[in-house]
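Everything numeric in this text was worked out from a predicted model, so none of it was measured. Reminder, nothing fancy here: chain letters follow the sequence lines and each chain counts from 1. All heavy atoms count here, side chains included; hydrogens, waters and symmetry mates do not.
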2 protein chains.
Amino acid sequence: MRVTIRDVARAAGVSVTTVSRALNGAADVGEETRQRVIEVAKQLNYRPSHVARSLVLRKSQNIGLLVSEFRKGSHHFLYDVLVGVHDTLAEHGYDVTLVSTDTARQQLVSYVDFCRARGLDGVIVMGIRLDDPYVEEVVESSLPSVVIDLPLLSRHCGYVMTDNVNGARYAVRHLVARGCKRIGFVNGAAHAAVSRERLRGFEEAMRQYVGGYDERVVVYADFTLEGGQRALADLLRRHPDVDGVFFASDLMAIGGLQYCKEEGIRVPQDLAVVGFDDIDLARFVSPQLTTVAQPRYEMGCEAASMLISMLQKGEMPSGTLLPPQLVVRETA
Amino acid sequence: MRVTIRDVARAAGVSVTTVSRALNGAADVGEETRQRVIEVAKQLNYRPSHVARSLVLRKSQNIGLLVSEFRKGSHHFLYDVLVGVHDTLAEHGYDVTLVSTDTARQQLVSYVDFCRARGLDGVIVMGIRLDDPYVEEVVESSLPSVVIDLPLLSRHCGYVMTDNVNGARYAVRHLVARGCKRIGFVNGAAHAAVSRERLRGFEEAMRQYVGGYDERVVVYADFTLEGGQRALADLLRRHPDVDGVFFASDLMAIGGLQYCKEEGIRVPQDLAVVGFDDIDLARFVSPQLTTVAQPRYEMGCEAASMLISMLQKGEMPSGTLLPPQLVVRETA
DNA sequence: CTGTTAGCGCTTTCAG
DNA sequence: CTGAAAGCGCTAACAG
């Protein structure tokens with residue numbers, strides 16, 4: 001920071017207070033003075049120091065983006081959300097600082113302390129699991145936060161998720177409409193909140209559209225391709241009559257597709273497949289994957305908007321569900 | 001920030017100066033005093049304010065990650081780099097602030113001013129183009145910076161790239177070894193620095209391995225799938241004898257593959273295809289794409305390391321080339 | 001309408 | 001070895 005507010009004050013022949021007021025649009029400044037100050041500031045290419053301002057105002061206009069599982073190759077879901085968060089926050093004059101839970105953990109500090117030390121005004125949390133010790137902290141802390149994909153609601157903590165229940169319903173309904181008689185479900189990790197909701201949607205839809213829910217056709221995997229592959233093998237071994245499967249993630253569904261290819265199972269003729277997420281890959285695998293799309297970018301935007309409302313208007317946090325959308329391609 | 005250095009000082013019965021020294025490992029503090037201070041600080045759960053420290057030290061331990069083209073769906077290259085940058089920086093105690101060129105542009109401020117206002121210690125730039133007006137600023141500014149995928153070198157600006165020349169050479173050599181007689185090249189956007197280098201590699205390799213370079217088999221597209229599709233159609237129309245094609249990006253190569261499928265061209269029998277990047281998709285398209293892999297994560301790490309060396313040891317910036325690697329799959 | 005005065009929380013001379 | 005004092009750049013009472 002070369003040129004400071006004092007330089008401007010000196011050059012304009014006024015006090016620093018006046019410069020501050022003029023530049024920040026305070027009402028009590030003479031119009032001619034204001035113009036002069038603005039002119040001089042521009043001339044000098046003056047940029048107020050965010051750091052100094054943060055110190056005195058006690059807010060930094062800086063939001064933390066806390067990511068667990070922030071690692072190579074995990075972009076399928078994270079990236080678009082991140083862009084949405086960034087875009088919305090930037091639009092409102094906030095900066096975004098990347099924070100990974102690993103970093104905080106390594107330094108053995110609580111995530112709240114970590115954010116407080118940096119003077120972050122709020123946090124958006126993504127990729128965190130139900131059983132993560134940070135969950136409790138996030139909920140109880142008074143640091144304004146919005147969580148993505150985990151229904152945590154408290155005085156200072158809101159959340160944004162896809163409507164997973166309905167997403168799962170759409171999948172089942174579509175499978176039924178296609179004529180599937182016996183529908184299986186490959187769910188994701190049990191400790192993920194989204195898995196519970198997708199299971200609920202699956203169960204409800206089965207009761208409604210098929211007239212009954214049989215938990216034996218539900219099997220669990222870990223959201224990965226290999227997991228999906230194994231899970232499907234397992235499911236079909238135990239229930240060879242299954243003619244339609246709903247996977248709780250596209251990656252798992254693609255794993256399932258690979259299994260089908262190896263085993264000579266024709267998709268969708270022998271087995272109809274529906275995924276969840278609509279990642280890029282979905283359009284490129286063959287046959288193309290029918291799936292339930294999540295509005296990833298919009299989730300990021302929504303999370304950011306909510307946090308901004310909390311920060312600026314003191315609004316209460318809330319739980320927001322965004323609508324998923326069935327994208328019909330070739331596998332079902 | 002609730003508890004400040006004064007609280008610690010008071011509780012420990014010493015001055016703030018002493019607390020500061022004790023906590024920062026200064027030599028001239030009595031050992032017992034230091035222990036007491038540390039103990040009290042822990043008791044009070046004291047966290048020094050980064051903001052206050054930044055103000056007085058005139059450095060923020062915060063690095064900007066300047067991204068142009070920071071938008072939905074552009075993750076194929078960016079994400080892993082970003083993770084690499086974050087990991088390395090975090091490891092060395094730096095925070096990462098996301099900055100998109102759009103944001104700066106909207107506010108009509110130069111990128112340097114933008115970073116200075118935020119007190120950023122340095123910047124890592126990615127996704128910027130040769131003809132971007134910011135390029136000049138980056139090179140001339142005294143703000144330490146490292147650019148990814150653009151060879152900009154100056155007193156305060158270094159760069160990290162894949163060795164694109166050799167990457168292209170590997171592709172051509174492989175195509176030749178497979179028996180291709182007439183090799184075409186679908187290059188990326190001309191304003192991208194990487195395109196120039198890949199072209200050079202292509203040219204050199206053709207002269208070396210084939211004994212001649214014919215610029216008529218070089219066609220340009222824009223790195224996108226659709227672009228690659230059109231470019232290949234164009235290339236084959238004009239040169240039906242082409243039996244091997246090197247694409248400057250996987251996305252374009254995949255577009256080319258789609259064109260082949262539509263036209264009934266068998267890959268690799270009728271036409272061998274090699275891409276560049278090794279994005280996730282490469283393994284999933286059918287036939288699987290043979291490609292030149294870029295070490296994306298490592299590029300991010302390397303860029304971060306270079307910046308840290310500049311910042312901490314005052315080292316001169318440099319140009320670093322990272323080795324690409326040919327990944328042979330099914331298309332060539 | 002404008003300037004003076006006090007800090008925000010921290011580090012750092014400079015004296016003891 | 002320790003503390004008092006000054007100040008990083010900015011804003012906000014409080015007086016004029």
Taking the side chain as every heavy atom from C-beta outward, state whether B:Val194 and B:Met161 have any pair of such atoms under 4.5 Å apart.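 Answer yes - side chains close enough.
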
I want to check something: taking the side chain as every heavy atom from C-beta on, are A:Ile148 and A:Tyr159 in contact at a cut-off of under 4.5 Å?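 A side-chain contact is absent here, since even the closest heavy-atom pair is not under 4.5 Å.
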
With heavy atoms under 4.0 Å as the rule, sort [X] into base, sugar-phosphate or nothing.
{"X": "A:Thr33", "value": "sugar-phosphate"}
{"X": "B:Val56", "value": "base"}
{"X": "B:Val51", "value": "nothing"}

Value in whole Å for how far the [atom2] atom of [N] lies from [atom1] of [X]:
{"X": "B:Leu23", "N": "C:dT12", "atom1": "CG", "atom2": "P", "result": "13 Å"}
{"X": "B:Asn24", "N": "D:dT2", "atom1": "CG", "atom2": "C1'", "result": "16 Å"}
{"X": "B:Arg47", "N": "C:dC10", "atom1": "CZ", "atom2": "P", "result": "12 Å"}
{"X": "A:Asp7", "N": "D:dC10", "atom1": "CG", "atom2": "P", "result": "9 Å"}
{"X": "A:Arg21", "N": "D:dA13", "atom1": "CZ", "atom2": "P", "result": "11 Å"}
{"X": "A:Arg10", "N": "D:dG9", "atom1": "CZ", "atom2": "P", "result": "11 Å"}
{"X": "A:Arg6", "N": "C:dG3", "atom1": "CZ", "atom2": "P", "result": "14 Å"}
{"X": "A:Leu57", "N": "D:dG9", "atom1": "CG", "atom2": "C1'", "result": "12 Å"}

[X] has a side chain; which of [options] sits nearest to it?
{"X": "B:Ser15", "options": "C:dC10, D:dA4, D:dG9", "result": "D:dA4"}
{"X": "B:Thr18", "options": "C:dG3, D:dT2, D:dT11", "result": "D:dT2"}
{"X": "B:Ser20", "options": "C:dT12, D:dG9, D:dT11", "result": "C:dT12"}
{"X": "B:Thr4", "options": "C:dC1, C:dG9, D:dT11", "result": "C:dG9"}

Between B:Glu32 and B:Leu55, which residue's closest nucleotide on DNA chain D lies nearer the 5′ terminus? B:Glu32

Residue met sooner reading DNA chain D from 5', once B:Asp28 and A:Val16 are mapped to nucleotides: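 Result: B:Asp28.
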
Using the six-membered ring of A:Phe114, assess whether NZ or CZ of A:Arg118 lies under 6.0 Å from its centre and within 45 degrees of the ring axis.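 Positive - A:Arg118 is close enough to the ring of A:Phe114 and near enough to its axis.
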
Side chain to side chain donor-acceptor pair (under 3.5 Å) partner of A:Gln35, the single match among A:Glu39, A:Glu31, A:Glu32: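 When side chain to side chain donor-acceptor pair (under 3.5 Å) is applied between A:Gln35 and each of A:Glu39, A:Glu31, A:Glu32, only A:Glu31 qualifies.
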
Residue of the set A:Asp121, A:Thr97, A:Asp95 for which side chain to side chain donor-acceptor pair (under 3.5 Å) holds with A:Asn62: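 It is A:Thr97, the one option of A:Asp121, A:Thr97, A:Asp95 that forms the side chain to side chain donor-acceptor pair (under 3.5 Å) with A:Asn62.
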
Side-chain-base donor-acceptor pair under 3.5 Å for A:Thr17 and D:dA12: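 Per atom types, the contact qualifies.
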
Any donor-acceptor pair, under 3.5 Å, between the side chain of A:Arg58 and the base of C:dG9, if you only look at N and O atoms? no

